[in-house]
Asks: 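Can you keep this structure in mind? I'll have questions shortly.
Every chain is numbered from 1 and lettered A, B, ... according to where its sequence line falls, protein lines coming before strand lines.
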Amino acid sequence: DGGITQSPKYLFRKEGQNVTLSCEQNLNHDAMYWYRQDPGQGLRLIYYSQIVNDFQKGDIAEGYSVSREKKESFPLTVTSAQKNPTAFYLCASTWASTSGYNEQFFGPGTRLTVL
Amino acid sequence: AQSVTQLGSHVSVSEGALVLLRCNYSSSVPPYLFWYVQYPNQGLQLLLKYTSAATLVKGINGFEAEFKKSETSFHLTKPSAHMSDAAEYFCAVRTVNYGGSQGNLIFGKGTKLSVKP
């Protein structure tokens, strides 16, 4: 089955630690995205990548880093510089094209809690 | 800049009643609009999308939405609510980059739907 997987489902971090969230897709999508979700705030874009070895900052990139070494993978690192990282993190992907009608497909999410 | 507003962070209906979730957008160009549903602790699932082929769009699970350009709205409806419809619903609009290439999705803050027995 094609889809997007995220791991782990739950992640606990101590203050001062960096943690990496995994996102893998086998949909042959070009573009991948990371969102942060907090209650009542909708989804906010952290980083996105339209092609391998290239990525751009979203609206709330401070304290986060990403890499895109393979088309299938787009890991997100939450660094110690992110002061309030407790949130639900969602990864998404889609085709990169000039059509605006392509929907994004979402993974199941990772819930990160800072202890 | 494009934006989307969802009126009402929480909507409660009785089972069998009409569901109406409101979404208004601002866009200087023809918009690309989407509705997603999220069940607790899960990712988002596409309900439907506006493709300009028809103003009334039918989606999964009996939901539909009507695009009204004059009102800049894309409200989501379902004639008869079911307990399984309890979830959070997000409206989204896609930006258009300079040159016309596909941009990013901008999401509303979401509306939580509760269904009472």
Asks: Out of curiosity, B/N104 CG to A/Y48 OH, how far, rounded to the nearest 0.5 Å?
Replies: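 So the CG of B/N104 and the OH of A/Y48 are separated by 5.0 Å.
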Asks: For residues 73-82 of chain B, give me every residue with a non-hydrogen atom less than 4.5 Å from any non-hydrogen atom of chain A.
Replies: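 Within residues 73-82 of chain B, no residue comes under 4.5 Å of chain A, counting heavy atoms only.
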Asks: Check this for me: A/K9, atom NZ, are more than 12 non-hydrogen atoms of other residues, nucleotides or ligands nearer than 6.0 Å?
Replies: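 Result for NZ/A/K9: enclosed.
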Asks: For A/Q6, which atoms come within 4.5 Å of any heavy atom of chain B: side chain, backbone, both, or neither?
Replies: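 It is neither, since no heavy atom gets under 4.5 Å.
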Asks: Has B/L7 got more than 12 heavy atoms of other residues, nucleotides or ligands less than 6.0 Å from its CG?
Replies: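 Enclosed.
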Asks: Could you please state which residues from residues 105-115 of chain A sit under 4.5 angstrom from chain B, measuring non-hydrogen atom to non-hydrogen atom, sorted by number, or 'none'?
Replies: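 From residues 105-115 of chain A, the residues near chain B are A/F106, A/G107, A/P108, A/R111.
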Asks: Can you tell me which portion of A/L43 sits under 4.5 Å from chain B's heavy atoms? Options are side chain, backbone, both or neither.
Replies: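 Both backbone and side chain of A/L43 come within 4.5 Å of chain B.
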Asks: Please say yes or no: joined through hydrophobic side-chain contacts below 4.5 Å, possibly via intermediate residues, are B/Y32 and A/L45 part of one cluster?
Replies: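 Yes; tracing contacts between hydrophobic side chains, which count when under 4.5 Å, links both residues.
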Asks: Which atom pairs, donor and acceptor, lie under 3.5 Å between side-chain atoms of residues 109-117 of chain B and protein residues at least two apart or in another chain?
Replies:
residue, atom, partner, partner atom, Å
B/T111, OG1, B/Q6, NE2, 3.4
B/T111, OG1, B/G8, O, 2.7
B/S114, OG, B/H10, NE2, 2.7

Asks: How many angstroms lie between CZ in B/F90 and CD in A/Q37, if you round to the nearest 0.5 Å?
Replies: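 Taking CZ in B/F90 and CD in A/Q37, the distance rounds to 4.5 Å.
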Asks: What about B/L105 and A/F55, same hydrophobic cluster or not, with Ile/Leu/Val/Met/Phe/Trp/Tyr joined at side-chain heavy-atom distances under 4.5 Å?
Replies: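 Different clusters: B/L105 never reaches A/F55 through Ile, Leu, Val, Met, Phe, Trp or Tyr contacts under 4.5 Å.
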Asks: Check the hydrophobic clustering (I, L, V, M, F, W, Y; side-chain heavy atoms under 4.5 Å; chains of links allowed) and say if A/I4 and A/Y47 are grouped together.
Replies: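 No, separate clusters.
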Asks: Are B/V11 and B/F63 in one and the same hydrophobic cluster, where Ile, Leu, Val, Met, Phe, Trp and Tyr link if side-chain heavy atoms are under 4.5 Å apart?
Replies: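 Same cluster.
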Asks: Can you list the residues of residues 34-48 of chain B that sit under 4.5 Å from chain A, counting heavy atoms only?
Replies: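 Within residues 34-48 of chain B, the residues under 4.5 Å from chain A are B/F34, B/Y36, B/Q38, B/N41, B/Q42, B/G43, B/L44, B/L46.
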Asks: Could you state whether A/F88 and A/Y33 fall into the same hydrophobic cluster, counting links through intermediate Ile, Leu, Val, Met, Phe, Trp or Tyr residues with side-chain heavy atoms under 4.5 angstrom apart?
Replies: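 Shared cluster, yes.
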